Amino acid sequence: MPDRSKPATLAAHGGRIEAAASGGIVPPLEMATTYERRRQDYAPPAGYIYSRFHHPNWEQAEKLLAELEGGAEALLFASGIASVSAIVETLRPGERVVAQESIFWGTRLRFQEFAERWGIVLTVVPGSGLIEAIAAAPTKLVWFETPANPTWEIIDIAAVSAAAHKAGALSVVDSTAASPVLTRPIEHGADIVMHSATKYLNGHSDVIAGALVTARNDENWQRIRTLRGTTGNILGPFEAWLLLRGMRTLYLRVERASESAQRVAEAMTRHPKVSHVMYPGLPDHPGHDIARRQMQGGFGGMLSIRIKGDGAAALRVATATRLFRPATSLGGVESLIEHRATLEGAHGNVPPDLLRLSIGIEDADDLIADLDQALAQI
Ligand SMILES: Cc1ncc(COP(=O)(O)O)c(C=O)c1O
């Protein structure tokens with residue numbers, strides 16, 4: 001693999017992977033949990049000791065992800081939310097976290113529970129209030145998401161990270177919806193990038209996984225790495241293997257999904273039964289100008305529509321689609337339609353007429369026709 005290969009090339013090859021001992025061109029799946037130490041000095045021959053701490057299938061996916069994000073190192077975790085926990089668990093009682101309001105509700109819940117039980121000071125503010133909130137009191141961690149579900153709010157990573165650094169805080173970005181194809185937050189000043197690797201990185205709706213990528217291999221990062229092993233917050237080998245396999249088509253999938261999402265969003269703005277379309281690629285989206293600066297090659301595969309009707313009508317549309325699958329999650333090859341208010345229940349404040357669309361890799365004309373026929377039923 002030439003050193004200057006572009007990210008898409010690197011991803012297509014699964015990273016800088018050496019051929020397996022067999023000569024096979026995909027990495028073998030390593031199922032061993034422990035490793036022989038038959039050498040006289042008792043040293044493990046390849047550095048592997050016990051697979052709660054190190055695993056060859058993790059390392060392949062981690063190295064590739066670190067390169068794609070332009071980071072120093074990456075770590076895989078049991079799920080996206082487990083990677084949130086890995087950061088949260090580095091905090092000490094009394095430390096303050098500033099978080100954006102419209103982050104993934106599961107993440108917000110994790111912060112709230114942790115704040116209550118561990119004495120963390122949690123300040124949750126709208127994305128537009130992050131910088132002011134950071135400056136208002138000593139802060140340890142700033143957490144935000146861009147584009148953020150379900151309005152696809154765009155946060156200026158450089159501006160918020162600069163404010164975090166001025167306050168001596170760590171800037172962490174959940175970049176699940178963008179993926180490294182569209183945004184590389186470390187280049188904009190973020191310290192740590194988080195992914196629900198369940199989504200675009202894997203891309204096939206068959207693996208639950210999480211990942212963190214760091215700008216620097218510093219003391220805090222080493223603590224996160226140690227905690228992963230000591231708390232056992234780890235990914236299974238087969239999941240890591242599948243994740244690497246999925247990442248090989250990341251660029252194709254995300255580029256296609258973004259192109260189609262732009263077309264679907266534009267079509268929905270003209271639809272008589274749709275009152276509002278939320279997509280950062282539309283000029284009327286409040287984050288459009290920042291997104292144009294911060295994202296490259298598209299605005300992502302996620303959008304939301306508000307229909308002219310109530311919650312029952314929205315549910316009717318979601319279940320009347322033939323191609324879009326009415327299911328939660330995002331970032332897979334198949335398009336999904338989701339009634340977020342049902343999913344988030346009392347934890348969220350999503351309007352009942354909102355439907356969230358995760359655009360897959362199907363033909364965009366087919367997707368638009370499917371939405372047309374479903375919307376015709378209300
Ligand atoms: C933006 C975002 N962050 C984090 C998560 C949590 O990830 P996981 O479901 O892999 O634990 C999700 C899952 O829906 C998500 O959409």
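Atoms within each ligand, like the ligands themselves, are counted from 1 in listed order. This one's a predicted model, so the numbers in the text were calculated from it and none came from an experiment.
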NZ (Lys308) with more than 12 external heavy atoms under 6.0 Å: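 Check passes, neighbour count above 12.
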Identify all N/O pairs between ligand 1 and the protein with a separation under 3.5 Å and present them as a table of atom names and distances.
unit_1	atom_1	unit_2	atom_2	d
ligand 1	3 (N)	Asp174	OD2	2.6
ligand 1	7 (O)	Ser196	OG	3.0
ligand 1	10 (O)	Gly80	N	2.9
ligand 1	10 (O)	Ser196	OG	2.8
ligand 1	10 (O)	Thr198	OG1	2.6
ligand 1	11 (O)	Gly80	N	3.0
ligand 1	11 (O)	Ile81	N	2.8
ligand 1	14 (O)	Lys199	NZ	2.8

Nearest-0.5 Å distance, CG of residue Asp191 to OG of residue Ser171: 5.5 Å
Those residues that, when tested against Trp241, pass ring pair (Phe, Tyr, Trp, His ring centres under 6.0 Å) (two or more places apart):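 Partners of Trp241 under the ring pair (Phe, Tyr, Trp, His ring centres under 6.0 Å) test: none.
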Test ring pair (Phe, Tyr, Trp, His ring centres under 6.0 Å) applied to Tyr251 - qualifying residues, sequence neighbours left out: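 Scan of Tyr251 (ring pair (Phe, Tyr, Trp, His ring centres under 6.0 Å), adjacent residues dropped) gives none.
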side-chain hydrogen bond (donor to acceptor under 3.5 Å, both in side chains): pairs with one or both residues in residues 277-288, sequence neighbours excluded: none
Residue that, paired with Tyr48, satisfies side chain to side chain donor-acceptor pair (under 3.5 Å) out of His55, Glu30, Glu59: Glu59
